[in-house]
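First up is the structure itself, then whatever we jot down about it.
Numbering of ligands and ligand atoms starts at 1, following listing order. The basis for the numbers below is simple: all heavy atoms, side chains too, and nothing from hydrogens, waters or symmetry mates.
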Amino acid sequence: MPTLTSIKKRPASRHLGRPTPELIFGDLWEFDPAPETADPRLKARYDLFIGGKFVAPSSGKYFDSINPANETKLAEIAHANAADVDAAYAAAKKAFDTTWGKMPGRERAKYLYRLARLLQDRAREFAVAETLDGGKPIKESRDFDVPMAAAHFFYHAGWADKLDYVAPGRSVAPLGVVGQVIPWNFPLLMLAWKIAPALAMGNTVVLKPAETTSVTALKFAELIQDAGLPPGVVNFVTGFGDTGAAVMGHPTAAKVAFTGSTEVGKIIMRSLAGTDKKMTMELGGKAANIVFDDAPIDQAVEGIINGIFFNQGHVCCAGSRLLVHEPIAERFLAKLKTRIKTLRVGDPIDKNTDIGAINSKEQLATITRLVGVGVKEGAVMFQPACKLPAKGYYFRPTVFSGVSMSHRVAREEIFGPVLSVLTFRTLDEAVEKANNTAYGLSAGVWTDKGSRILKMSTELKAGVVWANTYNKFDPTSPFGGYKESGFGREGGRQGLLDYCKLV
Ligand code: NAI
Ligand code: MG
């Protein structure tokens, strides 16, 4: 909620003669700009990080990373080709054979702790860099992404000397070199999810960040140097899909881990069919948030808002479908709209911003196109009348009601701040509608009854089911999907099992 010092009242005259005197903060109050001011300490140009050093790409090619909030150039990023990926794998293989793979777990733990502490030391700087490069609100990167990334390194540091307990009754061994490709929605956090368990287990890594959000990975390379990790334990190759394909297809990779679109996940799986590489895939989602008539309504409204508008809906487990119990549907939707009118869309570096910038021009075009399909198919669209910045990639929070399961907005992943509302009469109908999707990453249930939560959590085909909350994460808790949302788990003991072989 706004504090008294951060808000100022508009002249009262603007509100005279309003027919509906609803109390709407966005209308009544204006916020003074409150930009986060920490220095992100960016370089003008970033090279590849191979064998513990920054090295120029063999092609000599660089591309621009843009700040999506204002379309200005942030830094130049190296474009790695197959020869660079080869060099990264050679460095990782050497590190695995000579240092990291042989090191006792208790020694590896020290490096992981060091990385976690170094990240905490520079947390504000990383949060600002993440927001400038990716467009997410600073309160997200500051309060969620960066602390959670550090937490993943702490958690896995704790495992590194206890690997005898990962698979009771069995011994575990590292796999070797792991190839990893990550998306742009949680650049630093996905890096932590990928690197921390791999290193704890004794593997070495070649990782490719997404082309629109490479900056925090390259800043993390500085931490790797500062932590004194043996050269080659972690290597970053930046670039586009061609670089990603080279990382996933490299013969040295004993395992590949991918997070991104279902489409690209399928391409990778097809290309690796017949090889003995281990694989984990974390792909798309179309989660249902299911609200029963006995739910705590105000908390549920907050949960729905957090589930889809948080991080501009750039979340694979976003609650992009709301299934609401018919008896309360009208009242719930009215409350939801009132709350949406108070959301602040704008400059992500501002501490008051709720919804920041869409990550790229391409993603904005995808969202705009799919919302157009929703309108064409006859769903009823609601958007608040908030002003959007003149420059940069922004999209208003959008709600579609009158949606049926055949509508594309109810079936396809939009990956933007767009909520589709459906109704149900019985629990069975809610389960049926929630499961009627190609995906199965997550779901939310809002009800007062514990027994109903337990029944729903067994019947919903989703890797995570949140009850009376949404988008809660913890390094101890495994995360991953069913069906076209992928396979394998990240986090917890189960996540470690995907980075080892049993001996
Ligand atoms: P994408 O799947 O193309 O990109 C994810 C990563 O894969 C990036 O690092 C990219 O460079 C890399 N990549 C692209 N082609 C590759 C290939 N052939 N082999 C190996 N790596 C490759 O996702 P994109 O195009 O950025 O977004 C499209 C849609 O995907 C979004 O609208 C959203 O619906 C979904 N998506 C889902 C994510 C999730 O967390 N599940 C994350 C990002 C996007
Ligand atoms: Mg960028």
Report task. Begin from the C-alpha positions of Phe153 and Phe220 and carry the test ring pair (Phe, Tyr, Trp, His ring centres under 6.0 Å) through to its verdict. Result -> CA-CA 12 Å; Phe153 282 99; Phe220 194 82; 5.3 Å; yes
**Report entry** Derivation of the ring pair (Phe, Tyr, Trp, His ring centres under 6.0 Å) call for Phe310 and Tyr470
**Finding:** CA-CA 11 Å; Phe310 138 99; Tyr470 206 81; 8.8 Å; no
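Residues that satisfy the ring-ring contact (aromatic ring centres under 6.0 Å, His included) test with Trp446, not counting sequence neighbours, are absent from this structure. Shown here are the side chain to side chain contact (heavy atoms under 4.5 Å, CB included) partners of Asn81, two or more places apart in sequence or in another chain: Ser58, Ser59, Ala83, Asp84.
Ranking protein heavy atoms by distance to atom 22 (C) of ligand 1, first place goes to Val264 CG1, 3.6 Å. Glu211 OE1, 3.4 Å is the protein heavy atom nearest to atom 10 (C) of ligand 1. In terms of protein heavy-atom proximity, atom 33 (C) of ligand 1 is nearest to Phe415 CG, 3.3 Å. Counting only heavy atoms of the protein, atom 12 (C) of ligand 1 lies nearest to Val181 CG1, 3.7 Å. Nearest protein heavy-atom contact of atom 41 (N) of ligand 1 is Leu283 O, 2.8 Å. Ranking protein heavy atoms by distance to atom 42 (C) of ligand 1, first place goes to Pro183 CB, 3.3 Å. The closest protein non-hydrogen atom to atom 35 (C) of ligand 1 is Glu413 OE1, 3.5 Å.
Considering both main-chain and side-chain atoms, Gln363 comes within under 3.5 Å of ligand 1 through a nitrogen or oxygen pair. An N or O contact shorter than 3.5 Å links Ser261 to ligand 1 by distance. Considering backbone and side-chain atoms alike, Gly260 places an N or O below 3.5 Å from some N or O of ligand 1. For ligand 1, the polar-atom distance check against Ile267 finds no nitrogen or oxygen pair separated by under 3.5 Å.
Taking a distance limit of 4.0 Å, we find that atom 25 (O) of ligand 1 is approached by no protein heavy atom. Taking a distance limit of 4.0 Å, we find that atom 3 (O) of ligand 1 is approached by some protein heavy atom.
Evaluated by nearest non-hydrogen atom to atom 13 (N) of ligand 1, the leading choice among Gly241, Gly486, Gly244 is Gly241.
Aromatic rings from Tyr499 and Trp159 are positioned such that their centres are separated by 6.0 Å or more.
With ligand atoms numbered from 1 in the order given, ligand 1 contributes 11 (O) to contacts under 4.0 Å with heavy atoms of Phe240. Listed by atom number, the atoms of ligand 1 under 4.0 Å from Ile182 heavy atoms are 6 (C), 8 (C), 9 (O). Of all atoms in ligand 1, listed by their number and element, those nearer than 4.0 Å to a heavy atom of Cys316 are 39 (C), 40 (O), 41 (N). Close contacts of ligand 1 with Lys208, meaning ligand atoms under 4.0 Å from a residue heavy atom, involve 9 (O), 10 (C), 11 (O). Ligand-side atoms of ligand 1 in range of Asn185: 40 (O), range being under 4.0 angstrom from any heavy atom. The ligand atoms of ligand 1 that sit less than 4.0 angstrom from a heavy atom of Ala210 are 9 (O). Taking every heavy atom of Thr259 and a limit of under 4.0 angstrom, the matching atoms of ligand 1 come to 40 (O).
A salt bridge links Arg339 with Glu302: at least one charged nitrogen is closer than 4.0 Å to a carboxylate oxygen. In summary, Arg142 and Glu130 do not engage in a salt bridge, as defined by a charged side-chain N under 4.0 Å from a carboxylate O. Ionic pairing of Lys219 and Asp133 is not present here: no N-O contact between side-chain nitrogen and carboxylate oxygen is shorter than 4.0 angstrom.
The aromatic rings of Trp184 and Phe415 lie perpendicular to each other, with more than 60° between the two planes, well past the 30° mark. Using the six-membered ring where Trp is involved, Phe49 and Phe54 have ring planes that are tilted, between 30° and 60° apart.
When only modelled atom types and interatomic distance are considered, Thr212 and Asn359 share a side-chain donor-acceptor pair under 3.5 Å. Checked by atom type, the side-chain pair Thr280/Lys255 shows a donor-acceptor distance below 3.5 Å.
Judged by the 6.0 Å distance and 45° axis criteria, Lys136 is positioned over the aromatic ring of Phe186.
At a 4.0 Å cut-off, at least one heavy atom of Phe258 sits close enough to ligand 1 to count as contact.
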